[in-house]
Amino acid sequence: MVPPPPPPPPPPPPLCTLPPGPGPPRFICYCEEEKAAGATGEGGLSLYVTDAAELWSTCFTPDGLAALKSRFGLSAAEDVTPRFRAAFKQQAVTFTPQEDAASLTLSGGPSTLDFELSKVPGPEAAPRLQALTLGLAERVCSLERQLASVEETAASPRKSPRPVGPQQFLPDPDSQRGCPGPGVRRRCPGESLINPGFKRCPPSAHASCARGPALDPAHPSIPS
């Protein structure tokens with residue numbers, strides 16, 4: 001019995017770069033679900049912003065997450081992560097860093113939501129920044145592998161749907177144009193089609209052929 005395929009990996013956490021627009025990014029904004037090992041109930045959620053040197057965050061406990069869902073207009077059973085993903089995709093995010101804190105605004109939904117973030121101390125921020133860097137590298141490598149697979153498939157020649165077997169040769173085009181095949185004697189110019197080997201009279205001799213041989217006037221009974 002063939003074992004069932006493994007379940008697909010969970011989607012990566014929502015992520016975007018700030019500020020939005022064509023200019024170079026200065027910050028990375030992302031959110032992660034926080035769930036204790038072995039826990040069966042719903043976990044919390046953390047919202048992070050970093051410039052690769054410093055880290056700001058705000059954390060929502062399960063109770064705080066329920067209040068956040070209410071602010072998003074979601075029920076307790078709905079997931080709040082797609083709302084962050086949609087806002088990040090629409091680039092409806094504004095980040096304002098301050099001395100020891102920062103503010104984040106989401107404006108892509110029915111109502112604007114403001115979040116207050118606090119700066120994470122260096123020793124605590126270092127492992128999270130390391131995990132973010134390694135996670136981004138893995139995502140880039142995965143996308144490159146997918147792109148290489150697509151390019152390889154597009155570059156490979158398409159297989160013929162015809163079954164493999166003896167090669168079917170087409171008839172000789174010369175035989176279709178009336179040319180004789182091998183073993184057939186070629187007809188000479190002027191040769192009769194009815195009596196092969198007997199040549200027809202040329203056009204200039206048609207009249208004389210019709211009258212027969214010419215007679216000598218002195219001896220009419222003897223042909224000249």
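When a residue number appears, it is its place in the shown sequence, counting from 1.
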Supply the atom-to-atom distance Ser57 OG to Glu32 CD, rounded to the nearest 0.5 angstrom.
10.5 Å

Any side-chain heavy atom of Glu33 sitting closer than 4.5 Å to one from Thr81?
yes

Nearest heavy-atom pair of Val80 and Leu74: which atoms, and what distance?
CA-CD1, 3.8 Å

What are the two closest non-hydrogen atoms of Arg139 and Pro13, and how far apart are they?
NH1-O, 3.7 Å

Atom pair CG/OG of Leu65 and Ser70 - distance to nearest 0.5 Å:
11.5 Å

Could you give the distance from SG (Cys29) to CG (Leu47), rounded to the nearest 0.5 Å?
5.0 Å

Any non-hydrogen side-chain atom of Leu68 less than 4.5 Å from a side-chain atom of Leu45?
yes

Just wondering, do Tyr30 and Leu132 contact through their side chains at under 4.5 Å, heavy atoms?
yes

Check this for me: Arg71, atom CZ, are more than 12 non-hydrogen atoms of other residues, nucleotides or ligands nearer than 6.0 Å?
yes

Take Arg145 and Glu138 through the test salt bridge (Lys or Arg N to Asp or Glu O under 4.0 Å) and record every step on the way to the result.
CA-CA 11 Å; Arg145 288 192 296 266; Glu138 176 58 29; 3.3 Å; yes

Shared hydrophobic cluster, Leu136 / Tyr48 (ILVMFWY, side-chain heavy atoms < 4.5 Å)
yes

Distance check, rounded to the nearest 0.5 Å: Glu116 atom CD versus Gln98 atom CD?
6.5 Å

Within one Ile-Leu-Val-Met-Phe-Trp-Tyr cluster: Leu18 and Leu117, side-chain cutoff 4.5 Å:
yes

Is there a side-chain contact between Val93 and Thr105, using heavy atoms and a 4.5 Å cut-off?
no

Could you tell me if the side chain of Leu15 sits less than 4.5 Å from the side chain of Ile28, heavy atoms only?
yes

Closest heavy-atom pair and its distance - Pro19, Pro24
CD-O, 4.3 Å

Please tell me if the side chains of Cys59 and Glu34 come closer than 4.5 Å, counting only heavy atoms from C-beta onward.
no

Closest approach of Pro123 to Pro127 (non-hydrogen atoms, all atoms of both residues)
O-CD, 3.2 Å

Residues which pass side chain to side chain contact (heavy atoms under 4.5 Å, CB included) with Leu129, listed by chain and number, not counting sequence neighbours:
Thr50, Leu55

Does any part of the side chain of Asp100, heavy atoms only, come nearer than 4.5 Å to the side chain of Trp56, both counted from C-beta?
no

Atom pair SG (Cys31) and CZ (Arg85), whose distance is rounded to the nearest 0.5 Å
7.5 Å

Please verify the inter-ring angle class for Phe115 with Phe84; under 30° counts as parallel, over 60° as perpendicular, anything in between as tilted.
tilted

How many angstroms lie between CG in Leu104 and OG1 in Thr58, if you round to the nearest 0.5 Å?
9.5 Å

Would a hydrophobic clustering, with Ile, Leu, Val, Met, Phe, Trp and Tyr connected at side-chain separations under 4.5 Å, put Phe27 with Leu106?
yes

Measuring only between side-chain heavy atoms, which start at C-beta, is Glu78 closer than 4.5 Å to Lys69?
no

